[in-house]
Structure formats: structure tokens, C-alpha cells
Colleague: 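Take a look at this one; I'll ask things after.
Letters go in sequence order (proteins before strands), and every chain restarts at 1. These figures come from a predicted structure and were not determined experimentally.
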Amino acid sequence: MKKVFRRIAQFIATLLLAGFLGATLVRVAPGFGFDEQSLDPRFSAASQQALREQAQSDSNIFVFYAHYIGNLLHGDLGTSRILQRPVTELLKERLPVTIQTVIVGVLGGWFLGLGLALVNALFRFKPFDVFATVLSGIFLCIPIAALVVLFVYEGSPARYAVVLIVFPKVYRYSANLIGKSFDQLHILAARAKGLSRSRVLFSHILLPVAPQLLALAGVTVSLAFSAAIPVEAIADSPGVGQLAWQAALGRDLPVLVNVTLLVTAFTLIANSSAELISDIWARRA
Amino acid sequence: MRYARAAALAVLLFICVSCLFAELFAPAGYATQYRDSPDVAPSHRFILGTDELGRDRFSRLLYGGRVSLILAPTAAVISVLLAALIGGVSGYVGGWLEKSAMTLTDLFLSLPWLFLLIAVRAVMPLNTSPEVSMLITFSILGILGWAATARVLASAARDLRRSDFVLQAEAAGMRGWRLFVIQVLPNMKPILLAQFWVSIPIFIIAEANLGLLGLGVNEPMPSLGGLLRELENFSALSVEPWRFAPLILLVVVVSAFQIVLPEKENA
């Protein structure tokens with residue numbers, strides 16, 4: 001229980017720190033404190049004065065941080081400069097698309113990566129090992145954006161490109177982990193006593209390495225979120241990745257920083273959950 | 001594997017020499033336009049044809065390769081130095097400094113890399129000269145890419161701090177920075193070098209992703225990422241397969257790096 005509270009405290013501290021970093025990015029960006037509305041002749045002198053006062057109060061960095069974090073805690077993520085809509089509304093609309101991409105990418109990548117690693121460990125067939133290693137090596141060398149272009153060119157759903165970005169990491173890590181486990185003395189002794197490779201793999205290897213594999217699961221979530229940007233930007237899919245890309249091109253920093261913060265929160269939750277489960281698992285084992 | 005490594009090294013050397021001495025091998029400058037021959041197919045005159053603006057694709061590929069092959073190692077140097085400063089020093093000093101540095105490292109590692117890159121890239125000016133955009137792009141890669149390396153270096157410095165020879169040096173009266181610079185740092189050199197080599201292909205790929213998203217090096221300066229933007233013209237890809245040349249070069253370069261690096265460094 002103590003560990004859970006420590007993780008929650010760590011999570012909040014990291015998120016706050018990320019919030020400060022995000023606020024600093026917005027604050028130091030060229031053009032901060034300048035509002036196009038102040039040039040609009042339709043605004044009255046009083047409105048323009050209010051805008052100037054708002055900008056002046058935000059020019060004090062500590063006041064700015066307080067405003068930013070206060071608004072964040074009230075769920076106010078600001079308004080998009082390009083789309084002229086509240087960021088919260090935009091995120092509500094777009095998050096499901098991205099989460100779907102991430103789920104497809106992570107599950108598909110794990111199915112393919114772990115599946116190949118298990119087949120490799122069970123049959124120890126050299127050509128298959130070479131094939132899987134070369135295949136994972138190729139996908140490690142292709143930028144995700146180029147992979148998405150190839151998917152779109154072929155007319156395949158672009159979100160499947162995320163599978164091919166997650167798979168090499170999972171394959172290489174799990175194949176390495178399982179391969180090393182087979183060399184352990186107690187495994188060699190079990191094999192010498194006549195236990196089949198499949199029995200050894202499923203009863204004596206997979207359970208002990210599960211915590212390490214779970215830790216990798218958290219990392220793959222972060223990887224899949226990153227991959228969502230090119231997938232959605234190039235394939236014109238209306239998700240958070242596309243929103244972040246449009247915000248970057250249009251220097252819409254409130255959107256960009258809040259989207260990054262949100263994605264960080266998601267990846268932190270995924271990482272912390274994976275680590276917690278792996279801790280509990282390791283203790284029970 | 002030894003032969004594969006030798007072959008990869010030969011390929012990498014060949015590409016590096018061709019790109020670094022692009023002036024000698026490229027038939028034209030990267031911005032030279034042949035206005036009478038825009039978008040032409042490969043021929044004796046233009047090995048990979050020309051782009052929509054009539055620029056020789058082969059020449060741009062060599063110059064683009066040069067930008068990536070010079071600046072990715074530069075970014076790797078920046079990131080390794082930062083990692084040595086943050087991870088190496090904190091791991092050596094230990095205590096609250098190490099805990100704080102590792103919390104910062106965790107934060108950086110939990111931020112999705114591409115989100116962080118485009119957020120910071122967007123804060124920097126986008127409408128700049130090609131040279132400035134090139135420096136900004138690779139500086140960002142170097143400055144933001146230190147976290148994973150810092151973790152490795154902190155662990156190495158922590159082990160070295162507890163090692164027998166450091167204890168012996170301490171017993172002999174050596175302390176603080178002198179001990180770090182004379183005893184610890186030289187023993188971290190192999191790890192620093194390994195991390196440097198590992199970072200290069202990562203930065204080449206990151207620049208390619210940024211370039212394809214339009215947040216990399218500005219035109220007319222070519223980079224491997226910028227050249228990949230030609231792939232976005234999907235309808236032209238089937239009739240002009242030579243547009244894949246930058247992608248093929250990128251995959252060959254990154255694969256060669258992966259093969260040349262010893263297995264333990266790749267892992």
C-alpha cells in the first residue's frame with residue numbers, strides 16, 4: 001500500500017514538473033503576451049485595456065505559473081488559437097481516435113513480437129531466428145513517418161504501421177530475455193531431467209520474466225502514442241496526434257503543451273500501472 | 001556476423017565518403033535548378049531524375065546525406081555530454097543530487113519523444129534560413145536526447161564510485177572533482193563512446209520523422225528527412241519509384257549502424 005501511495009505521489013510530482021516545463025515553453029516562446037485581438041478596431045478601449053492588463057499580469061512568471069496550474073486543476077486547458085475552440089472540447093473529440101490507434105498498435109505489436117519470440121524459443125530453428133531478427137531490424141531502421149507513407153500508398157489502414165513500430169522492440173527484448181533464461185542452471189537441470197522445451201518455457205520461464213515484460217508494456221504505450229503523430233498527420237486521421245501536429249505547424253502552443261501534458265499523463269499511468277503490477281507479481285513469485 | 005559487420009562498415013564508409021565529399025561526386029549543387037528539365041526520369045544526365053523544381057535528385061541526396069551524417073553525430077556529442085554531466089556527475093556524487101537527477105530523467109523518459117520534439121521545435125522560429133533551421137533541428141535532438149544515456153551513465157558512475165580502485169584512490173587522499181576527472185571519467189569512456197554510436201541512428205531517424213512532418217530542415221537545404229517529403233506525393237510513387245531513393249539510403253545507413261554496433265550496445 002505504501003508503494004502505491006509513493007507511486008501516486010511520484011506521478012503527481014512528475015505531472016506538476018511537466019506542467020511547469022510546459023508553462024515555461026509557452027512563456028518563453030516568441031510572441032508571448034501579444035494578442036491579435038489588441039489590434040482589432042472592433043474592441044472598445046476598455047476591452048483592449050483589459051487585454052493589456054491580462055498580458056501584463058502574465059508577464060510575471062510566478063503569476064503566470066499560478067494561473068496556468070490553477071486553470072489546469074479546474075480542467076480549463078485554454079483555447080486553441082488556430083481552431084478558436086476550447087482545448088478540452090477538442091481533446092474529448094479526438095482522444096478516442098488516438099486511443100484506438102494506440103490500443104491496436106500495442107496489442108498488435110505484442111501479439112507479433114511476443115508470438116515470434118515464443119515460436120523462436122520453442123523451435124530454435126536458425127533460419128527462423130535469422131528471419132525474425134532481420135525483419136525486426138528492418139522495421140527498427142524505418143522512420144514511422146515513412147512507414148505510414150508506405151501504408152497509405154498501399155491503401156492499408158495507417159494505424160497498423162504502429163504495430164510494426166512496437167513489434168521490433170517487443171521481439172528483440174523478449175527473445176533476448178527468454179534466450180538468456182534458457183541458459184540458467186535450473187532450466188538446464190530441468191531440461192536434463194527430460195522436461196520438454198514447451199513445458200520449461202510456459203512453466204519455468206514465462207512466469208519469472210513476466211514482470212520485466214510488463215515493464216516493457218509501459219514503454220510500448222509511450223512509443224505508440226509518439227507514433228500516433230505521423231499516423232494521424234499523414235493519413236489525415238482526426239486524432240490527438242494530428243491536433244498536435246497542426247498546433248506545431250501553426251505555433252498553437254496552448255494546444256501543443258496541453259496535448260503533450262495529457263499524453264504524458266497517459267504514458268505515466270501506463271508505466272506506473274505496469275511497474276506496480278510487475279512489483280506485485282514479482283513479490284508473489 | 002564478423003563478415004556482416006565488415007560489410008556494413010564498408011558500406012557505411014562508402015556512403016560517408018560520398019556524402020562528406022558531395023562537391024566532388026555530385027553533378028550539381030543542391031539548389032541548382034535545371035528549369036528546362038523539371039520532374040524528368042533518370043537518365044545519363046540525371047541519375048535519379050529531377051524534382052518538380054528541376055533540381056538533380058542524386059546531388060540533393062548526397063548533400064542531404066551529408067547534412068544528416070555530420071549533424072546527427074554532432075547532436076549525439078551534445079546529448080552524451082549532457083548525459084555525462086547530469087547522469088555521470090549525479091551518479092558519482094549520489095544522495096539527493098542523484099535522486100533529483102533520476103527524477104528529471106524519469107520525467108524526460110516518460111514524455112513521448114515525438115510529442116516532446118515537435119512541442120520544442122514549434123517554440124523555436126519556423127520561418128528561418130535553412131542553415132538556422134538545420135542547427136535548431138539537430139540542437140533540439142541533442143539537447144532532448146540525453147535522458148536514456150544519463151540513466152546508463154549514472155548507473156556506471158555509481159558502480160565506479162564503489163569500486164576498489166576508487167576507494168584506494170580516496171584512501172590515498174584524492175577527493176572530489178580530481179578523483180572524478182582522473183579516476184572515474186576515463187573509466188566511463190567506453191560507455192560514453194558506446195552511447196555516442198547508439199545515439200547517431202536514433203537521431204537520423206528522429207530528423208527523418210521531423211522532416212516528413214515538415215518540422216525539420218527548411219528548403220532548399222536538403223536532409224534525409226526533408227528529401228522523404230517527396231514520398232507524400234502518393235500518386236507519383238508507382239510511376240516514379242526512384243523517389244524511394246532517400247528512404248533506401250536512410251534504411252541502408254541506419255541498418256549499417258545497427259550491424260556495426262556490437263550486439264550488447266544495440267540492446
Colleague: So for A:Ala233, is it side chain, backbone, both, or neither that comes closer than 4.5 Å to the heavy atoms of chain B?
Modeller: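 Only the side chain of A:Ala233 comes within 4.5 Å of chain B.
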Colleague: Check whether more than 12 heavy atoms from other residues, nucleotides or ligands sit under 6.0 Å from atom CZ of A:Phe131, and answer yes or no.
Modeller: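 Count not over threshold, so no.
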Colleague: Counting only heavy atoms not in A:Tyr160, do more than 12 sit closer than 6.0 Å to its OH atom?
Modeller: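 For A:Tyr160, atom OH is not crowded (no more than 12 foreign heavy atoms under 6.0 Å).
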Colleague: For the candidates A:Ala146, A:Pro230, A:Ala248, which exhibits the highest count of non-hydrogen atom pairs separated by less than 4.5 Å from chain B?
Modeller: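 Heavy-atom pairs under 4.5 Å are most numerous for A:Ala248.
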Colleague: Check whether A:Ser226 reaches the backbone of B:Leu114 with its side chain - one donor and one acceptor, N or O, closer than 3.5 Å.
Modeller: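 Pair found, side chain donor or acceptor close to backbone of B:Leu114.
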Colleague: Nearest 0.5 Å, please: how far is CG in B:Asn209 from CG in A:Leu147?
Modeller: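 Answer for the CG-CG pair, A:Leu147 versus B:Asn209, is 10.0 Å.
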Colleague: Which one, A:Ile138, A:Thr267, A:Val149, leads in non-hydrogen pairs under 4.5 Å with chain B?
Modeller: A:Val149
Colleague: Which heavy atom in A:Pro143 sits nearest to a heavy atom in B:Leu228, and how many Å separate them?
Modeller: CG-CD1, 4.4 Å
Colleague: Would you mind telling me which of A:Val152, A:Ile142, A:Val148 has the largest number of heavy-atom pairs within less than 4.5 Å of chain B?
Modeller: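 Option with the greatest count: A:Val152.
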Colleague: Check whether B:Ser238 gets within reach of chain A through its side chain, its backbone, both or neither, counting any heavy atom under 4.5 Å.
Modeller: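 Contact with chain A: backbone and side chain both.
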Colleague: Using heavy-atom distances under 4.5 Å, tell me whether B:Leu247 contacts chain A through its side chain, its backbone, both, or neither.
Modeller: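 The side chain, not the backbone.
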Colleague: Based on non-hydrogen pairs under 4.5 Å, which of A:Trp245, A:Phe225, A:Tyr173 is most in contact with chain B?
Modeller: A:Trp245
Colleague: Do you know which two heavy atoms are closest between B:Leu250 and A:Cys141, and how far apart they sit?
Modeller: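 Shortest heavy-atom separation between B:Leu250 and A:Cys141 comes out as CD2-O, 4.2 Å.
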Colleague: With only heavy atoms counted, which part of B:Leu237 is less than 4.5 Å from chain A, the side chain, the backbone, both or neither?
Modeller: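 Both backbone and side chain of B:Leu237 come within 4.5 Å of chain A.
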Colleague: So which residue, B:Leu117, B:Val120, B:Leu212, B:Leu213, ends up with the most heavy-atom pairs under 4.5 Å with chain A?
Modeller: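 Option with the top pair count is B:Leu213.
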Colleague: Should B:Phe244 and A:Leu150 count as side-chain neighbours, where that means a heavy-atom distance under 4.5 Å?
Modeller: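 Yes - at least one pair of side-chain heavy atoms lies under 4.5 Å apart.
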Colleague: Who among A:Thr260, A:Ile229, A:Val221 has the most heavy-atom pairs with chain B under 4.5 Å?
Modeller: A:Ile229
Colleague: If you define the side chain from C-beta out and look only at heavy atoms, does anything of B:Phe115 sit under 4.5 Å from A:Thr264?
Modeller: no
Colleague: Please assess B:Val251 against A:Phe139 for the test side-chain contact (heavy atoms from CB on, under 4.5 Å), listing each intermediate value before the final yes or no.
Modeller: CA-CA 9 Å; B:Val251 172; A:Phe139 288 117; over 6 Å; no
Colleague: Do other residues, nucleotides or ligands put more than 12 heavy atoms under 6.0 Å from the CZ atom of B:Phe14?
Modeller: no
Colleague: Can you name the closest pair of heavy atoms from A:Ala244 and B:Ile118 and give their distance?
Modeller: O-CD1, 3.7 Å
